[in-house]
Amino acid sequence: MSKTITFNELRQLKDSLPDGSMHRIADKLNITVQTVRNYFGGTNYEFGKNLGVHIEPGPNGGIVVLDDTTIYDMAIEILAESNK
């Protein structure tokens with residue numbers, strides 16, 4: 001299932017995550033940490049992949065379409081855990 005949000009919302013989610021979250025997501029999905037960073041707007045494709053994140057220019061940093069919300073959903077869960 002895809003999800004559409006603004007780039008600023010995606011970056012705010014990333015910035016709200018507790019330390020170690022990128023590694024936790026990467027380990028659980030058996031992908032590189034850089035791939036997780038790229039999902040949240042990073043652009044280092046030498047050490048990571050693009051996992052279906054499409055960014056279009058526009059207000060609030062542009063529109064982001066996430067083809068697969070697995071990493072997004074895991075980040076939301078981690079954030080909810082840390083806020084308990």
Side-chain angles (χ1 to χ4, degrees):
M1 171 194 281
S2 66
K3 180 169 185 68
T4 302
I5 60 174
T6 68
F7 183 76
N8 289 351
E9 290 171 324
L10 184 65
R11 293 298 288 191
Q12 182 179 2
L13 174 60
K14 178 202 156 283
D15 293 342
S16 298
L17 292 171
D19 289 343
S21 297
M22 298 291 166
H23 290 276
R24 182 175 164 187
I25 292 169
D27 290 345
K28 191 165 188 175
L29 297 176
N30 197 30
I31 58 177
T32 66
V33 174
Q34 189 58 51
T35 298
V36 177
R37 289 185 180 127
N38 288 348
Y39 187 87
F40 287 104
T43 57
N44 184 341
Y45 298 109
E46 182 178 343
F47 297 105
K49 297 179 181 178
N50 179 343
L51 292 178
V53 176
H54 309 282
I55 302 172
E56 296 292 330
N60 294 316
I63 300 297
V64 178
V65 178
L66 306 171
D67 290 342
D68 183 344
T69 62
T70 303
I71 292 174
Y72 178 87
D73 295 338
M74 290 178 72
I76 293 293
E77 288 176 23
I78 291 170
L79 192 56
E81 287 173 9
S82 70
N83 289 331
K84 285 186 177 179

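Keep in mind that what you see is a predicted model, and the values were worked out from it rather than measured.
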field: Sub-4.5 Å side-chain heavy-atom contact between Tyr39 and Leu66
entry: yes

query: Within the side chain of Asn60, is there an N or O that forms a donor-acceptor pair under 3.5 Å with the backbone of Asn8?
result: no

query: Can you check whether Val36 reaches Leu29 side chain to side chain, under 4.5 Å on heavy atoms?
result: no

From Ile63 atom CD1 to Ile55 atom CD1, the distance as rounded to the nearest 0.5 Å: 11.0 Å

message: Tell me whether Thr32 contacts the main-chain N or O of Thr35 through its side chain, where contact means a donor paired with an acceptor under 3.5 Å.
response: yes

Rounded distance [0.5 Å steps], CD1 in Ile78 versus CD1 in Ile25: 4.0 Å

query: Would the number of heavy atoms belonging to other residues, nucleotides or ligands and lying under 6.0 Å from CG of Asn83 be above 12?
result: yes

message: Rounded at 0.5 Å granularity, tell me how far CG in Asp73 sits from CG in Asp68.
response: 8.5 Å

- request: Mind listing the closest non-hydrogen atom pair of Ser2 and Val65 along with its distance?
  value: CB-CG1, 4.5 Å

message: Within the 4.5 Å heavy-atom criterion, are Lys14 and Met22 side-chain neighbours or not?
response: yes

- prompt: Thinking salt bridges, do Glu81 and Arg24 make one under a 4.0 Å N-O criterion?
  reply: yes

field: Ile71 and Ile31, any side-chain heavy atoms less than 4.5 Å apart
entry: yes

Separation of Leu13 CG from Phe40 CZ (nearest 0.5 Å): 5.0 Å

query: Going hydrophobic residue to hydrophobic residue with side-chain gaps under 4.5 angstrom, can you get from Leu79 over to Phe7?
result: yes

